[in-house]
2 protein chains.
Amino acid sequence: MSQTVDRALSILPLLAEGPADLGQVAERLGVHKSTALRLLRTLHEHGLVYRQSDQRYRLGARLFALAQEAMENLDIREIAHPHLVRLNEACGHTVHLAVHEENEVLYIDKVDSRYPVRMYSRVGKPVAITVAAVAKLLLADLPEGERRALAEKLEYPLYTARSTPNAGAFLRELEKVREQGWATDLGGHEESINCVAAPIRGADGRVVAAMSVSAPNVVVTADELLTLLPRVRRTADAISGEYSGRTPVKDPTA
Amino acid sequence: MSQTVDRALSILPLLAEGPADLGQVAERLGVHKSTALRLLRTLHEHGLVYRQSDQRYRLGARLFALAQEAMENLDIREIAHPHLVRLNEACGHTVHLAVHEENEVLYIDKVDSRYPVRMYSRVGKPVAITVAAVAKLLLADLPEGERRALAEKLEYPLYTARSTPNAGAFLRELEKVREQGWATDLGGHEESINCVAAPIRGADGRVVAAMSVSAPNVVVTADELLTLLPRVRRTADAISGEYSGRTPVKDPTA
DNA sequence: AGCGTCGTTGCACTCTCTGCAACATCCATT
DNA sequence: AATGGATGTTGCAGAGAGTGCAACGACGCT
């Protein structure tokens, strides 16, 4: 909608791939060097872009700080965190909290496993949307139309033999997840890692977030992990209750 | 330098404080609502801003993803990580990696303590620049002029009784740190937490990053923590060596 | 119904961004 | 040393893009 801003913002993903010099930026934007220079300068003033000692540009510190602040202001996260910690203390496995936004699903909180073998993931990182248990829950709650449209648009990388292969299979899986109210990922992303997940709902009953417990085969089998399901659902329900305003901490004087 | 982009980018820190609606954004920018709308639209298209169900705007998912990618592309981080993990395995405490950029010092990697009592910090978060051990190392290496200028500009919040009180004290501390080649923070940020830090240097000898080991008093005393100093320095030196190209992994055929 | 608030659109004006060309710097080459 | 070629930087005039206005539409509230 706004050409100048559009161009400026296009620089960010470009730099995310790695540092680039003025010429490269100008070329990839399709603008004159002087134009690129001014855009970069403005980005620089705002700290979104950093000029390293070899004069090349890369993404700047403020970007981290912004992402950080934004994350801390997510109230679901705030509310959920202590519950996640408690669940982690009880079972010892990695616990994740994820939300859906703009065709992506991303982790917004994580409590690490207390076992030495940990799975790789990072808060802020988009998840494998076609296989992750949390993604299934978040997408299963979308209105039918959106769900279909999104499923068609997605790509279905075969991380493992158990990965969701295509849109049809994905939609069927979502339907199932929708009905049962919980989801799993049994080696669909990494051969040896299983997850169980449950939805967190707002006051209107819509799914606002999802949480999961993940553990590698070497620590517990898929069946053993599934025995945690009731506990995971209870935790998710507790968070839902608190988030939607019902019974945060019942005041006895009320 | 570029008015439009400047305005658009000013929206981001504003939204970082919390969600805002169109009117609020327009007012705080000092522009017409229609202008703010178009800027927000552009930010939205790039995923930097998200429109939540109550129509208010907040920071968007792509911001996290960008910060994420940027972080993963930092080569120091890549090189240092395994060393940090190894140090953590050896001593059990929280290990941090930090860099200096644009008058801020921020953590770019962290390996959590294996003790139940952990300190609060997050990757991407700016550190308390006047007291953190890593900050002292990074700033101590600045050329004299810059160091003085920066020290004067900073604020010196008294987190605890041991916090650096003013520019003079800070500059003296930096001088000391510069000479001894390592730094500590003994309860300067949080009463009960101590840190020991060592610098990581590039091929030209300049400090490019700093790493620290932190632990609360309840786990180890400051004196006990100090006994780890040689180990921390050795780790930092190993990272320095690898980063500056010397002996990444000595090839016996060479 | 009627009012007030908030987001949205079309349009004319003008301000700001753009591209150009010239200049400055630096490094590699002869 | 001097030359050539990169690369980053500045001033300027033209024009295209962004701006604010005013009017409209959509809600929610009394």
Side-chain angles (χ1 to χ4, degrees), chain A residues 1-15 17-60 101-102 143 145-146 202-206 244-245, chain B residues 1-15 17-60 101-102 143 146 202-204 206 244-245:
Chain A
M1 279 265 110
S2 165
Q3 190 192 61
T4 315
V5 178
D6 186 43
R7 285 174 170 171
L9 298 183
S10 303
I11 294 178
L12 299 178
L14 194 155
L15 290 185
E17 296 170 20
D21 63 30
L22 180 61
Q24 297 171 322
V25 172
E27 192 187 8
R28 290 201 47 184
L29 278 185
V31 299
H32 195 96
K33 282 189 307 178
S34 58
T35 306
L37 178 68
R38 281 179 288 244
L39 296 176
L40 281 165
R41 269 224 261 264
T42 312
L43 289 168
H44 181 91
E45 274 172 27
H46 285 259
L48 297 183
V49 147
Y50 178 70
R51 192 141 199 206
Q52 40 187 36
S53 44
D54 62 350
Q55 295 233 102
R56 292 191 304 164
Y57 295 92
R58 62 168 177 73
L59 295 181
E101 183 175 323
E102 225 64 68
E146 277 185 57
D204 54 0
R206 297 216 40 192
S244 50
Chain B
M1 279 266 112
S2 165
Q3 189 191 60
T4 316
V5 178
D6 187 42
R7 286 172 170 174
L9 297 183
S10 303
I11 293 178
L12 298 178
L14 195 154
L15 290 185
E17 296 169 20
D21 63 28
L22 181 60
Q24 297 171 323
V25 172
E27 193 188 7
R28 291 200 46 184
L29 278 186
V31 299
H32 195 95
K33 283 189 305 180
S34 58
T35 305
L37 178 68
R38 280 179 289 245
L39 296 177
L40 280 165
R41 277 228 185 94
T42 312
L43 289 167
H44 180 91
E45 274 172 26
H46 285 260
L48 296 183
V49 146
Y50 177 68
R51 192 140 199 209
Q52 43 187 33
S53 45
D54 62 351
Q55 294 232 100
R56 292 190 305 164
Y57 296 91
R58 62 170 176 73
L59 295 182
E101 183 175 324
E102 223 70 66
E146 277 184 57
D204 54 0
R206 297 218 38 194
S244 50

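The model shown is predicted, which means the values in this text are computed figures rather than measured ones. The chains referred to below are lettered A, B, ... by the order of the sequence lines, with proteins before strands, and numbering in each begins at 1. Note that these values count all heavy atoms, side chains included, but never hydrogens, waters or copies made by symmetry.
- The side chain of B/Ser34 contributes no N or O atom lying less than 4.0 Å from OP1 or OP2 of D/dT19.
- With hydrogens and angles ignored, a donor-acceptor pair closer than 3.5 Å exists between the side chain of A/Arg38 and the base of C/dG19.
- The CD-C1' distance, from B/Gln3 to C/dT18, rounds to 15 Å in whole Å.
- Residue B/Leu40 contributes atom CG, which lies 12 Å from atom P of D/dT19 at whole-angstrom precision.
- Neither OP1 nor OP2 of D/dG18 sits under 4.0 Å from any side-chain N or O of B/Thr4.
- For A/Thr35, the side-chain atoms get nearest to C/dG19 when compared with the rest of D/dT10, C/dG19, D/dG20.
- Here the closest non-hydrogen pair linking B/Leu14 and B/Arg28 is CD1-CB, 3.6 Å.
- At the phosphate of C/dC20, OP1 or OP2 sits under 4.0 Å from a side-chain N or O atom of A/His32.
- In this structure, B/Asp6 CG and A/Thr4 OG1 are separated by 12.0 Å, a value rounded to the nearest 0.5 Å.
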task: Start with the C-alpha distance between A/Arg41 and B/Ser2, add both sets of side-chain angles, then the distance that settles side-chain contact (heavy atoms from CB on, under 4.5 Å), and finish with yes or no.
output: CA-CA 8 Å; A/Arg41 269 224 261 264; B/Ser2 165; over 6 Å; no

Just the table, please: protein N/O against nucleotides 5-8 of chain D N/O, every pair under 3.5 Å.
from: D/dG8; atom 1: OP1; to: A/Leu22; atom 2: N; distance (Å): 3.2
from: D/dG8; atom 1: OP2; to: A/Gly23; atom 2: N; distance (Å): 3.3
from: D/dG8; atom 1: N7; to: A/Lys33; atom 2: NZ; distance (Å): 3.2

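- Note on B/Arg41: every side-chain N or O is 4.0 Å or more away from OP1 and OP2 of D/dG18.
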